[in-house]
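As structure tokens, the structure follows; a few thoughts come after it.
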Amino acid sequence: MTGPRLRFAPSPTGFLHVGSARAALYNWLFARQQGGELLLRIEDTDEARDREEWVEGIFEALRWLGLDWDGEPVRQSTRAARHAEAAATLEAAGRTYWCDCTRDAIDQRAHAAGRPPGYDGFCRDRGLGPGEGRAMRFATPTSGATVVHDLIRGEPTFDNAVIDDPIIVRSTGKAMFVLANVVDDIDMAITHVVRGEDHLPTTPKYLLLWEALGGGELPVFAHLPMLVNEKRQKLSKRRDSVAVEEFRAEGFLPEVMVNYLALLGWAPTDGRERLSVDELVREFRLTDVNSSPAFFDLAKLRAFNGDTIRAMAPDDFALAAGPWLSGPLDPRLVPLVQERVVTLAEVAPMVDFIDAEPVIDPASWDKAMAIPAAASVLERAADAYQALDDWQAATLKEALVAVGESLDLNLKRAQAPVRVAVTGRSVGPPLFESLEVLGREVTLRRLQAARARLG
RNA sequence: GCCCCCAUCGUCCAGCGGCCGAGGACGCCGCCCUUUCAAGGCGGUAACACGGGUUCGAAUCCCGUUGGGGGUGCCA
């Protein structure tokens, strides 16, 4: 007995969004845990919307997340002959008919008859043959019921009478999604179909087609809860910015994405939330996945990312942040910055004053320089730093404490003008370590420039 | 309209008939620490949608209501 065979079957119509990534992850976790296989199928049959660049983007995003797959990805577009063959089989078995109804005609008939929208089987018995503007429909049973066996949802049951006859071959001769999907799953010997809940309503058609094609043992289904936005609507590529590639660019860590995504719809029962990939593979249970939709909470993702960054070895952190920086970050500042960022992209703006002249933030300036003694602080700090023997954080701090005392200011207040003068902002890494790295010359120049600016 | 799915703190989860006067995490609030900002420590706020059943006992099972979502394409 071989392991289960799963598939992730995205259509290349955009970036990989987090909902798809979550589906890919759950497929991957289950396959890896069960010693099965995860196949990749690119459903590129929508010429109007598919773009080749998205295909490579999907591969790249999956690789970044650490989700690998078995064998070469299957391009659905290369399987047209098999789809046509399957359609011919169904036609020969008398399970199909040709239809020349336009969408308008269908709608008008429904409206005129006061029936709900949807195809009415108008062409079922017209005996039409293939031809211009004619599509092939699959004749679904008019009685009985079709049951979906779903690991997550139990057994959703659909009356066959309410299942419309789907178009399976377009008038162009190309297979529609349902047919291609079923034929490919049969040929790829898929045993478990793990996908979004949005596919559940079309699953009975899938099942009926599978049986009509003699696909053999039916796959087991697991329809995952949708990922929703703050309005509790299904995440959409257009409306919501949720591309995996974007999170990557913003400096989220791949293991954090995987950890967080895994928890959207599933959790171990002991309450642990920070799980390694190995732990996820070991502990994940498809049957324990929730059935209710989950909101993708950026705040929690950020919390996880910050935690993980802080837990990194400083060298690893510096290495990881590299791509977001123009040059190397002084080792003395690495741990200080590491503790203060949530994403890797936040590193650069935090230390930009080191290598470039500070950009003065007006609000910070106004607040720090508002105290009457600000000018004196800058002057005396410059004097003290000019005379300082030992240019180190500890002595720099001592000297400024003394300056503060001479002006009756505590360090909290005395450091503010210096910080803004040197970094341009009121927030940033610890001041004295920053000055140490900056060096005497630059520090003095910036203190004097700020003093001059004060007038 | 019709079909299907869903329903525990603001959010994500735990709970699978008694251990629940409901637990954890994120968020939020307060306090402590503190050279800014963080981090850290401590404490707090906050939920079983509603109504019927079943049962000695229900957040947990059943039915209904309400609410939300998805589907209903010659898209996938």
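Order of the sequence lines sets the chain letters (A, B, ...), proteins ahead of strands, with each chain counted from 1.
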[X] [atom1] to [N] [atom2]: how many Å, rounded?
{"X": "Asn290(A)", "N": "C13(B)", "atom1": "CG", "atom2": "P", "answer": "5 Å"}
{"X": "Asp159(A)", "N": "C2(B)", "atom1": "CG", "atom2": "C1'", "answer": "12 Å"}
{"X": "Phe304(A)", "N": "A25(B)", "atom1": "CZ", "atom2": "C1'", "answer": "7 Å"}
{"X": "Asn410(A)", "N": "U36(B)", "atom1": "CG", "atom2": "C1'", "answer": "12 Å"}
{"X": "Asn229(A)", "N": "G10(B)", "atom1": "CG", "atom2": "C1'", "answer": "15 Å"}
{"X": "Arg153(A)", "N": "C6(B)", "atom1": "CZ", "atom2": "C1'", "answer": "7 Å"}
{"X": "Arg419(A)", "N": "U35(B)", "atom1": "CZ", "atom2": "P", "answer": "11 Å"}
{"X": "Arg285(A)", "N": "A14(B)", "atom1": "CZ", "atom2": "P", "answer": "14 Å"}

Checking all strands, does [X] fall into the base, sugar-phosphate, or nothing category for heavy-atom contacts under 4.0 angstrom?
{"X": "Thr13(A)", "answer": "nothing"}
{"X": "Phe296(A)", "answer": "nothing"}
{"X": "Ala294(A)", "answer": "sugar-phosphate"}
{"X": "Glu155(A)", "answer": "nothing"}
{"X": "Leu431(A)", "answer": "base"}

Task: Summary of protein contacts for nucleotides 37-51 of chain B, nucleotide by nucleotide, where a base hit scores B, a sugar-phosphate-only hit scores S (4.0 Å, heavy atoms) - done: BBSS-----------
TODO: Take nucleotides 64-76 of chain B nucleotide by nucleotide from the 5' end and write B, S or -, depending on whether a protein heavy atom sits under 4.0 Å from the base, only from the sugar-phosphate, or from neither.
DONE: -----SBSSSBBB
Task: Heavy-atom side-chain contact between Lys205(A) and Phe158(A) under 4.5 Å - done: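 Not in contact.
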For [N], which nucleotide in any strand shown is its Watson-Crick or wobble partner with both distances under 3.5 Å?
{"N": "A25(B)", "result": "U11(B)"}
{"N": "G73(B)", "result": "none"}
{"N": "G40(B)", "result": "C32(B)"}
{"N": "A46(B)", "result": "none"}
{"N": "C61(B)", "result": "G53(B)"}

Work out how far the [atom1] atom of [N] is from that of [M], and round it to whole angstrom.
{"N": "C29(B)", "M": "U36(B)", "atom1": "C1'", "value": "22 Å"}
{"N": "C16(B)", "M": "G73(B)", "atom1": "P", "value": "42 Å"}
{"N": "U54(B)", "M": "C62(B)", "atom1": "P", "value": "15 Å"}
{"N": "A38(B)", "M": "U45(B)", "atom1": "C1'", "value": "24 Å"}
{"N": "U8(B)", "M": "C13(B)", "atom1": "P", "value": "9 Å"}
{"N": "U60(B)", "M": "C2(B)", "atom1": "C1'", "value": "32 Å"}
{"N": "A47(B)", "M": "G40(B)", "atom1": "P", "value": "27 Å"}
{"N": "C28(B)", "M": "C20(B)", "atom1": "P", "value": "30 Å"}

Open item on the list: Quick check for you: among U11(B), A7(B), U35(B), whose closest atom lies nearest to any side-chain atom of Ser292(A)?
Closed with: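 Selected nucleotide (nearest to the side chain): A7(B).
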Open item on the list: Heavy atoms from C-beta onward define the side chain here; which of C6(B), C5(B), A14(B) lies closest to that of Ser291(A)?
Closed with: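 Closest nucleotide to the Ser291(A) side chain: C6(B).
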Open item on the list: For a salt bridge (charged side-chain N to carboxylate O under 4.0 Å, His left out) check, start with the C-alpha distance between Arg451(A) and Glu379(A), then their side-chain angles and the critical distance, and finish with the verdict.
Closed with: CA-CA 7 Å; Arg451(A) 176 62 189 86; Glu379(A) 284 165 14; 2.4 Å; yes
Please determine whether a side-chain nitrogen of the Lys or Arg among [X] and [Y] lies less than 4.0 Å from a carboxylate oxygen of the Asp or Glu.
{"X": "Arg282(A)", "Y": "Glu279(A)", "value": "no"}
{"X": "Glu197(A)", "Y": "Arg153(A)", "value": "yes"}
{"X": "Asp184(A)", "Y": "Arg7(A)", "value": "no"}

Open item on the list: Is it the case that the side chain of Thr13(A) and the backbone of Arg49(A) share a donor-acceptor pair, with hydrogens and angles ignored and the cut-off at 3.5 Å?
Closed with: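 Checked: no pair found.
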Task: Donor-acceptor under 3.5 Å (Asp50(A) side chain, Asp46(A) main chain) - done: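 Yes, the answer is positive, given that a donor and an acceptor are paired below the 3.5 Å cut-off.
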- [ ] Indicate the ring-plane relationship of Tyr206(A) and Phe221(A), choosing parallel, tilted or perpendicular according to the 30° and 60° boundaries.
- [x]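 Rings of Tyr206(A) and Phe221(A): perpendicular, as their planes differ by over 60°.
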Open item on the list: Could you measure the distance from the CD atom of Gln392(A) to the CD atom of Glu436(A)? Nearest 0.5 Å is fine.
Closed with: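 So the CD of Gln392(A) and the CD of Glu436(A) are separated by 5.5 Å.
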- [ ] Using the closest heavy atom to pick a nucleotide of RNA chain B for each, name whichever of Phe158(A) or Phe432(A) lands nearer the 5' end.
- [x]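 Comparing both residues, the 5'-ward one is Phe158(A).
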Open item on the list: I want to confirm an ordering. Mapping Ala299(A) and Pro225(A) to their closest nucleotides on RNA chain B, which one lands closer to the 5' end?
Closed with: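 Looking at the nearest nucleotide for each, Pro225(A) comes out on the 5' side.
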TODO: State whether Phe304(A) and Arg274(A) meet the cation-pi test: NZ (Lys) or CZ (Arg) under 6.0 Å from the six-membered ring centroid, and within 45° of the perpendicular axis.
DONE: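 Yes, a cation-pi geometry holds between Arg274(A) and Phe304(A).
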TODO: Kindly say whether the aromatic ring centers of His192(A) and Tyr26(A) come within a distance under 6.0 Å.
DONE: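 Here the rings of Tyr26(A) and His192(A) have centres that are no less than 6.0 Å from each other.
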TODO: Check side-chain contact (heavy atoms from CB on, under 4.5 Å) between Arg75(A) and all other residues, then give those that pass, not counting sequence neighbours.
DONE: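 side-chain contact (heavy atoms from CB on, under 4.5 Å) list for Arg75(A), sorted by chain: Ile42(A), Asp44(A), Glu52(A), Val55(A), Ser77(A), Thr78(A).
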